[in-house]
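Chain identifiers are assigned alphabetically (A, B, ...) following the order of the sequence lines, protein sequences preceding nucleic acid strands; residue numbering begins at 1 within each chain. The analysis underlying the following values was restricted to heavy atoms, covering all of them including side chains, and did not include hydrogens, waters or symmetry mates.
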Amino acid sequence: MSSWEVKTIAQRAAEAMPESVLAGAGYVLLAVGFAAAFMALMGMALIYAERKVAAHFQCRLGPMRVGPHGIFQTVADTIKLLFKEDIVPSQSDKLLHLFAPYLSMMATLLALLVLPMSPVVQIADMNIGVLYVTAVTGFGVLGVLLAGWSSNNKWSLLGAMRAGAQIISYEVSATMALLVVVMFSGSMQLSKIVESQAEGWWIWRAPVIGLVSFVIFLIASLAEISRTPFDLPEGESELTAGFHTEYSGLRFAMFFLAEFINMFIVAGMAATLFLGGWMPFHIGGFDTFNSVMDLLPPGAWFSLKSGLVVFLIMWFRWTFPRLRVDQLMKLEWKILLPIGFVNLFAAAASVVFGWYFFPIR
Amino acid sequence: MSAITVTSLDERIRRSIGADGGASTTQEYFVNMGPQHPSTHGVLRLVLKLDGENVREVIPVLGYIHRGVEKMGEHLSYRQFVHLTDRLDYLSALANNWAVAKAVEKAANIETNERIETIRTIVAELQRIASHQLWWGVFGMDLGAFTPFLYGFRDREKISDILEETIGARLTMNYIQPGGVMFDIHPDFQRKVKEFLTYFRPKLEEYETLLTQNVIVQERMRGVGVLTAEKAVSMGATGPVLRASGVAHDLRRSEPYGVYAKAAFDVPVGRNGDCWDRYWVRIEEIRQSMRIIEQLIDNIPEGKHLVVKPAVRTKVPEGIHYSQVETARGIFGVMLVSDGKDVPYRIHVRTPNFNNLWTVTETAPGWRVADLVTIISSLDIVVPDIDR
Amino acid sequence: MVVSESNQVVAPPIQRGGFFSNLATGLKSLLKGMGITFHYFSRPSTVVTQQYPENRATLKMFDRYRMRLSLPHDENGFHKCTACTICEQACPNSSIRIVSRKGAVTNKTELDRFIWRMDSCTFCNACVVACPFSCLKMSGDFECSVYDKSLLVFNLTRYAGPTSTVLMKVTDPQERAKMWEPRDVYSGPVPLRGTAVPGGGRTLGAPEPVKASAPVAAPTPAPATAPAASATALAVEEEGGKK
Amino acid sequence: MEANELISTVQSLEPAATLRDKVDRPAMSVPKESVPALMRRLRDEPALSFDMLCAHTAIDWHNENRIELVYQLYSTKHRHYLAVFVSLLRDMPVVTSVSDVWRIAEWQEREVYDMFGVLYRSHPDLRRILLDDDWKGFPLRKDYKDEFMLEAPK
């Protein structure tokens with residue numbers, strides 16, 4: 001590894017750009033291509049995982065027919081979706097209707113770019129990484145709102161409005177939880193945050209505070225990506241399919257994919273910020289233990305951790321019912337936000353007085 | 001005499017919009033919930049007047065699965081009519097069969113024996129449990145939790161198998177006939193029912209943990225869709241819906257038929273008539289039904305399973321004959337108008353869901369769309385039973 | 001208006017306390033629910049799914065399971081139906097049509113065709129129960145899907161002729177053979193009781209023009225061990241062969 | 001309340017009420033003029049308190065040229081039943097609605113209108129309930145015919 005300098009693709013692009021625009025553009029294309037391919041593959045894998053996990057929660061087997069244990073089921077479904085007729089309602093706002101799924105997808109793609117999946121697999125490493133992720137995930141609500149509005153369907157509009165209110169509200173709490181980690185690690189750069197957890201993960205290193213902010217982050221992010229128990233924008237039993245009622249074929253697949261990749265991003269962010277990212281499980285001082293833990297490559301650690309969070313999210317989905325709109329708002333403004341505030345103050349105090357295990361040397 | 005005008009649905013909606021054509025109420029809009037909607041449980045259509053998410057008015061529109069059962073009944077013999085009642089409330093097929101059988105037996109003076117009545121009671125109670133299991137699963141799904149649906153169906157499957165072994169059908173059973181039951185119970189019946197009871201008891205506790213005690217479910221149900229006792233009675237609601245409002249009217253208790261008089265059981269009643277009470281009453285009814293079965297299953301007396309030859313067309317003396325039974329959803333009543341032939345002159349079925357449905361027009365306004373789903377689900381509606 | 005009599009149980013109210021106790025009980029209830037779902041997730045033995053077409057070998061229907069009506073033929077290939085039409089009268093939706101004929105030798109009414117319309121049958125079992133000679137049975141064969149509704153009209157008898165009792169009294173095989181003649185799959189129109197189905201100009205009993213899609217050959221009443229009726233639509237026959 | 005007692009109480013409320021025989025529960029025939037007032041008394045009289053209208057339907061006596069309405073009443077308080085019969089002319093079946101006595105009557109009367117063509121005076125929302133608004137005829141009448149109907153089986 002020593003001969004090969006660790007650089008993100010974005011860095012390489014930036015370096016290449018002054019000399020040759022073409023080379024820079026090539027790197028950008030490489031980055032986008034990588035992200036898009038990753039999205040498609042990860043999306044399929046997640047959908048398959050979701051179906052299997054759901055099935056086993058419900059005493060079922062799930063897809064079993066296409067390939068051994070149905071592993072090619074999502075491939076078959078993808079092919080089906082690609083060939084399906086793309087229906088645009090005649091009374092809809094056609095331009096926005098066509099455009100909305102891309103907007104939703106774009107937000108997901110942009111967030112994916114900064115996720116540090118291992119020290120070498122990170123497309124861009126910004127110094128404002130946390131802020132950037134918060135910003136672009138908030139962008140996704142636009143796609144949902146436009147989809148609901150342009151469909152010219154009352155159920156869609158209801159779903160979109162629910163989504164708008166929900167995502168904007170819960171962003172406050174999610175950011176509040178993120179701030180705790182930013183405070184602890186003293187940086188917004190995601191790679192730095194990961195490195196700051198070499199001695200121990202923030203979820204347990206800062207007693208209680210880390211755990212509380214992890215829980216808040218998880219709940220708020222679930223609401224942001226509208227997964228059960230916060231799947232009101234889609235609320236199958238209430239709004240049939242919510243904002244994407246009028247979508248079919250490829251465009252529906254885009255919403256679907258964005259939803260699942262968002263889940264991965266939430267899991268990845270949770271792993272990065274609270275569970276040490278690609279860092280192996282280390283305990284400060286126990287060197288033998290730490291070296292054993294190092295045997296697993298960083299990428300595997302990241303997958304393991306984010307996989308765990310993904311499983312947790314699915315577990316929630318297949319256990320809990322849905323909240324009502326007013327209860328959703330109550331949970332955010334009356335429960336999560338006060339707790340988040342108190343937690344933030346506690347975090348500030350603990351940073352000032354160094355109240356955590358293995359203080360930064 | 002002033003002229004009586006017959007209006008139409010369009011007229012009704014126009015009236016709901018208001019005299020000014022909606023100019024002053026720009027906030028409100030109408031949506032169709034159904035006939036194809038995941039939580040209207042079939043082809044029920046509700047025209048909703050909404051203000052944002054808030055329900056202002058509910059106009060149920062019926063008839064999408066009207067099959068004219070009463071008209072068909074005028075051409076079928078009493079024994080043939082039984083199989084049509086399977087298709088009304090298909091989750092209480094046995095209880096519906098029983099209502100017709102009871103009416104014919106009472107009218108034609110057919111004496112059934114103890115064995116027949118015990119078998120009828122046991123299978124009807126088994127089906128009540130199955131119906132409530134299905135409802136529990138669907139209720140969970142309407143609230144957004146998909147898993148209870150599968151658990152409910154998984155356990156209902158056990159009952160379906162038991163009934164299938166004896167009856168030969170899983171849904172449209174046509175088992176209880178005037179003058180007996182179609183088959184005697186299968187030799188394994190008693191053992192399997194006992195096995196089911198031991199299997200299901202811990203599962204019911206799981207149901208409680210998964211939904212009843214879940215804080216989200218409780219908050220979704222608490223105080224939602226309150227139906228006062230006076231209104232419930234005035235709207236003719238029966239079954240768990242009425243009992244949840246605090247009126248302990250249970251035909252099994254007030255006019256025992258079958259061998260209900262022999263079994264000890266409690267009638268669950270609610271306090272406020274909200275969704276929570278309706279939910280709780282049904283869960284408790286599962287327990288009580290299991291109690292009834294437990295008491296009866298070992299005491300099935302010997303005897304014939306059919307006292308009238310099935311090839312004989314039963315003639316019913318002239319007059320009007322009633323019978324009512326308590327199905328899983330309420331009182332199912334049959335009125336036979338006979339002119340002395342073996343075919344009814346007119347047959348009227350009073351179905352519980354028809355009356356129960358209309359309480360939604362009273363309870364839903366003021367709540368949100370999500371609550372409307374909860375309320376409909378807590379009424380446990382079977383649409384073919386409404387439309388007949 | 002809570003009527004409190006004996007033998008009644010009244011719904012418990014939902015208990016709610018202060019902010020923190022609500023939070024604690026709420027979280028606890030959620031975790032308990034997750035415990036239940038995880039219990040099933042972690043135990044693959046609790047899976048109840050049946051892999052249907054694959055498990056055909058082990059899938060056994062109950063004896064009383066009501067599907068395909070059949071007119072069981074005994075080991076000699078003869079049935080017990082006397083064409084008394086009681087089942088026809090018992091059928092609530094006119095799914096049964098008994099076509100009888102004057103016997104060539106006996107000069108008595110005997111069964112020519114037993115036509116059963118699966119497309120209008122509700123499997124209510126009324127015919128089976130009503131049959132005074134117990135010659136009908138609802139078999140457990142439930143794989144009856146076909147692409148053409150007209151394939152759902154079955155002729156349940158394999159021969160036109162008297163019952164097995166009458167036939168077995170005649171000891172001479174030559175004489176016996178004169179008394180019955182084979183009947184094949186029926187594919188013509190079937191009148192409902194009291195009215196004719198529009199479009200069908202043909203009458204029952206008359207030789208039918210054989211449709212291209214309809215199965216032509218019919219098994220002769222050979223000594224068959226299978227109790228199922230001969231009249232099996234082609235598609236079903238193929239399905240059965242795969243089992 | 002016992003059947004005889006019940007009948008005499010009703011007769012004291014409405015002298016024109018007569019016993020309807022060949023019914024297996026207490027049944028009274030009352031003239032159609034007395035319907036809303038009598039029904040209200042039946043509901044409000046403490047000794048009767050028929051607070052539930054279990055079912056409301058009609059019978060078409062085609063040969064006698066009349067339609068007979070049936071109101072099946074139940075009292076959740078006293079747990080007794082009463083069936084009230086009202087005869088109407090088949091050609092002009094008009095009766096006053098009882099929907100302000102029992103809420104459910106509003107929909108049950110709509111069904112009777114839908115199936116028998118009985119018109120209800122002062123009904124808040126009289127329209128068809130199970131059939132389409134533009135349906136012709138009233139199907140549960142004995143002489144109803146349409147092109148979908150098969151002949152009655154012999």
Side-chain angles (χ1 to χ4, degrees), chain B residues 72 76-77 79-84 86-87 147 150-151 154 157 161 164-169 172 174 177 182-183 186 206 209-211 213-216 218-219 221-222 228-230 244-248 253 264-272 276-277 280-281 284 288 306 309-311 313, chain C residues 1-16 22-37 39-41 46-50 61-67 84 86-87 89-93 122-132 138 140 193-194:
Chain B
M72 276 196 265
L76 296 176
S77 74
R79 188 175 294 278
Q80 288 172 338
F81 181 73
V82 173
H83 95 290
L84 287 182
D86 288 341
R87 287 150 178 84
T147 304
L150 274 298
Y151 290 174
R154 178 194 64 195
E157 188 70 15
D161 279 346
E164 187 189 348
E165 193 173 32
T166 285
I167 296 169
T172 52
N174 189 27
Q177 303 278 311
M182 192 171 255
F183 306 106
H186 194 272
E206 278 180 10
T209 317
L210 199 56
L211 280 192
Q213 290 160 14
N214 188 312
V215 66
I216 302 174
Q218 290 187 346
E219 287 302 313
M221 294 194 293
R222 191 159 61 112
T228 59
E230 287 75 22
S245 296
V247 184
R253 168 59 50 76
F265 65 99
D266 298 334
V267 177
V269 289
R271 267 169 210 275
N272 317 310
W276 163 254
D277 281 341
W280 186 86
V281 163
E284 188 61 30
Q288 300 301 336
L306 203 57
K309 268 194 179 168
R313 288 196 146 207
Chain C
M1 192 177 137
V2 175
V3 193
S4 59
E5 284 176 27
S6 59
N7 294 337
Q8 275 182 18
V9 270
V10 182
I14 297 175
Q15 300 292 344
R16 283 287 175 268
N22 282 353
L23 205 65
T25 49
L27 274 177
K28 205 176 129 200
S29 74
L30 296 180
L31 289 175
K32 270 172 140 184
M34 287 170 70
I36 288 193
T37 43
H39 170 90
Y40 288 111
F41 179 80
T46 57
V47 167
V48 292
T49 310
Q50 292 188 11
M61 303 313 288
F62 293 112
D63 290 342
R64 296 182 184 177
Y65 186 71
R66 296 181 344 215
M67 206 53 210
C84 67
I86 284 178
C87 54
Q89 287 161 31
C91 184
N93 31 45
T122 55
F123 308 99
C124 71
N125 214 30
C127 47
V128 178
V129 178
C131 182
M138 288 260 178
R193 241 191 297 172

inquiry  = I want to check something: taking the side chain as every heavy atom from C-beta on, are B/Val215 and C/Leu27 in contact at a cut-off of under 4.5 Å?
reply    = no
remark   = Rounding to 0.5 Å, atoms CG (C/Asn125) and CZ (B/Phe183) come to a distance of 4.0 Å
request  = Report the option among B/Gln177, B/Glu284, B/Arg87, B/Gln288 that has the most heavy-atom pairs separated by less than 4.5 Å from atoms of chain C.
outcome  = B/Arg87
key: Residue B/Ser77 versus chain C: region with a heavy atom under 4.5 Å   = neither
task = Measure across B/Gln80 and C/Cys91 and return the closest heavy-atom pair with its distance rounded to 0.1 Å.
result = NE2-O, 3.2 Å
inquiry  = What I'd like to find out is whether the side chain of C/Leu30 reaches to under 4.5 Å of the side chain of B/Asn214, using heavy atoms alone.
reply    = yes
inquiry  = If I measure from the heavy atoms of chain C, does B/Ile167 come under 4.5 Å with its side chain, its backbone, both, or neither?
reply    = both
inquiry  = As an exercise, state the distance from CG of B/Leu210 to OG1 of C/Thr37, rounded to the nearest 0.5 Å.
reply    = 7.0 Å
Heavy-atom check, side chain of B/Leu84 versus side chain of C/Thr122, under 4.5 Å = no
request  = Could you look at B/Asp161 and say if it's the side chain, the backbone, both or neither that has a heavy atom under 4.5 Å from chain C?
outcome  = both
query = Is there side-chain contact between C/Val48 and B/Glu157, with at least one heavy-atom pair below 4.5 Å?
reply = no
C/Phe62 and B/Thr166, any side-chain heavy atoms less than 4.5 Å apart = no
Segment of B/Phe81 engaging chain C (4.5 angstrom heavy-atom cut-off) = neither
key: Those residues that, when tested against C/Lys32, pass side-chain contact (heavy atoms from CB on, under 4.5 Å) (two or more places apart)   = B/Thr209, B/Gln213
note = In short, C/Ile14 meets B/Gln218 closest at the heavy-atom pair CG2-OE1, 3.4 Å
ask   = Which atoms of C/Met61 come close to chain B, meaning under 4.5 Å heavy atom to heavy atom: side chain ones, backbone ones, both, or neither?
value = side chain
query = Of all residues at least two apart in sequence or in a different chain, which pass the side-chain contact (heavy atoms from CB on, under 4.5 Å) check with C/Thr46?
reply = A/Cys59, C/Tyr40, C/Arg43
request  = For the residue pair C/Val9 and B/Trp280, establish whether any side-chain heavy-atom pair is separated by less than 4.5 Å.
outcome  = yes
request  = Looking only at non-hydrogen atoms, find the nearest pair between C/Cys124 and B/His83 and report the distance.
outcome  = CB-CB, 3.8 Å
ask   = Is any side-chain heavy atom of C/Arg16 less than 4.5 Å from a side-chain heavy atom of B/Glu219?
value = yes
